[in-house]
J.: 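Take this structure, written in structure tokens, and hold onto it; I'll ask about it next.
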Amino acid sequence: MTAALARMVMTVATASLGAHRHGWKLAMEAELEEAMADGQGLSFAIGCLTTACRELPAHVEGRLVLASYTLVLGLILPAAALLLAGVLAGYPYLDPYYADAMGSFAGVEMLVPWLNAGNAAAMPALTLMVLLRIASDVLVAWFAAERNWTRTAAAQRFGAATTVTLAISASLILLDWTCVLLPALTLVIDGFAITVLRRLHRAAEQDHSAGQTT
Amino acid sequence: MIALLVALFEQAPDWTHGYELMKVTGLKSGSLYPLLLRMTDQGLVEAEWREPTVMGRPPRHAYRLTAHGLALARGSKKDLPLSRSSALPA
């Protein structure tokens, strides 16, 4: 079990080293056999993984990997998580925060409830649209991490389509389209993150074709 | 890095494998390999492949100081013994 885990860790470590460190990958793998014979395989493999992580910023491919996962895990997925947390809390059916202010301005004690018997039947459909929007964010994150830009763009188009549909539906059903602000914000976040990633990827490809590896 | 320099100097001109260096210096692989990478990139250490001593194992990397590395090692620790200096590479 420990040997299998050590080999798994070493596989991750050697995969993280750049192509210019191919010789060192083989060297570490060879020394792993010695370390395992000595009963120190796992600690040796973990040390090699630490080495590979420290080497990541030193080469173009490593910097691209770091940027990809930082943007995917730091921006795109948290945006999707924010939407999901909202759905679990009752979004998009919550009263907007400005309801009291609107009531005071209109001189009425109580606004017409956002959700009533007339539009309650639309709840599942609106929730489904928000869930599809969340799914599109997850797909964008997945395809961006794989650098499959064609599929990333398709997932983004799907997310934009669900956001527009949600805006139109909410305007008709809830008479308030502001519930689409959050999905629209996550769409902007996705677009920004993917634009940055594609630029970095293009720069890395240009550096690689120019023969630079660091 | 000093511990690694001293360990390689004491082994010079013989070649030493990575795992042996770990045992001699007390450094973990996460500390040793970044040092070896840097020192090789800077021309202080040279590496070559050695056939395995045990059947079924892959060839292993072996390391030793270059002339530049030897000069640095001598400068870093002036009281290093020079008894093997006649056998050291130029």
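The chains referred to below are lettered A, B, ... by the order of the sequence lines, with proteins before strands, and numbering in each begins at 1. Below, all heavy atoms of this structure are taken into account, side chains as well, without hydrogens, waters or symmetry copies.
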J.: For Glu55(A) and Arg38(B), which heavy atoms make the closest approach, and how far apart are they?
T.: OE2-NH2, 2.7 Å
J.: For chain A, which candidate among His17(B), His61(B), Arg60(B) shows the most heavy-atom pairs at distances under 4.5 Å?
T.: Arg60(B)
J.: Answer with side chain, backbone, both or neither: which region of Pro59(B) has an atom nearer than 4.5 Å to a non-hydrogen atom of chain A?
T.: backbone
J.: Please state whether the rings of Trp24(A) and Tyr63(B) are parallel, tilted or perpendicular, taking 30° and 60° as the class boundaries.
T.: parallel
J.: How close do Cys48(A) and Ser29(B) get, counting heavy atoms only, and between which atoms?
T.: N-OG, 3.6 Å
J.: Atom CE in Met22(B), atom CD in Glu31(A): separation rounded to 0.5 Å?
T.: 9.0 Å
J.: Kindly give the heavy-atom pair with the smallest separation between Gly30(B) and Arg54(A), and that separation in Å.
T.: O-NH1, 3.5 Å
J.: Pick whichever of Thr51(A), Thr50(A), Leu49(A) has the most heavy-atom pairs under 4.5 Å with chain B.
T.: Thr51(A)
J.: Can you name the closest pair of heavy atoms from Tyr33(B) and Ala27(A) and give their distance?
T.: OH-O, 4.3 Å
J.: Is any side-chain heavy atom of Lys28(B) closer than 4.5 Å to one of Ser43(A)?
T.: no
J.: Which is it for Arg57(B) and Glu34(A) under the side chain to side chain contact (heavy atoms under 4.5 Å, CB included) test, yes or no, and what are the steps along the way?
T.: CA-CA 9 Å; Arg57(B) 295 247 179 105; Glu34(A) 297 299 319; 2.8 Å; yes
J.: Counting only heavy atoms closer than 4.5 Å, note whether Leu26(A) contacts chain B via side chain, backbone, both or neither.
T.: both
J.: Checking Leu37(B) against chain A: side chain, backbone, both or neither under 4.5 Å from a heavy atom?
T.: both
J.: Hey, could you give me the CE/CG distance between Met28(A) and Leu32(B), rounded to the nearest 0.5 Å?
T.: 9.0 Å
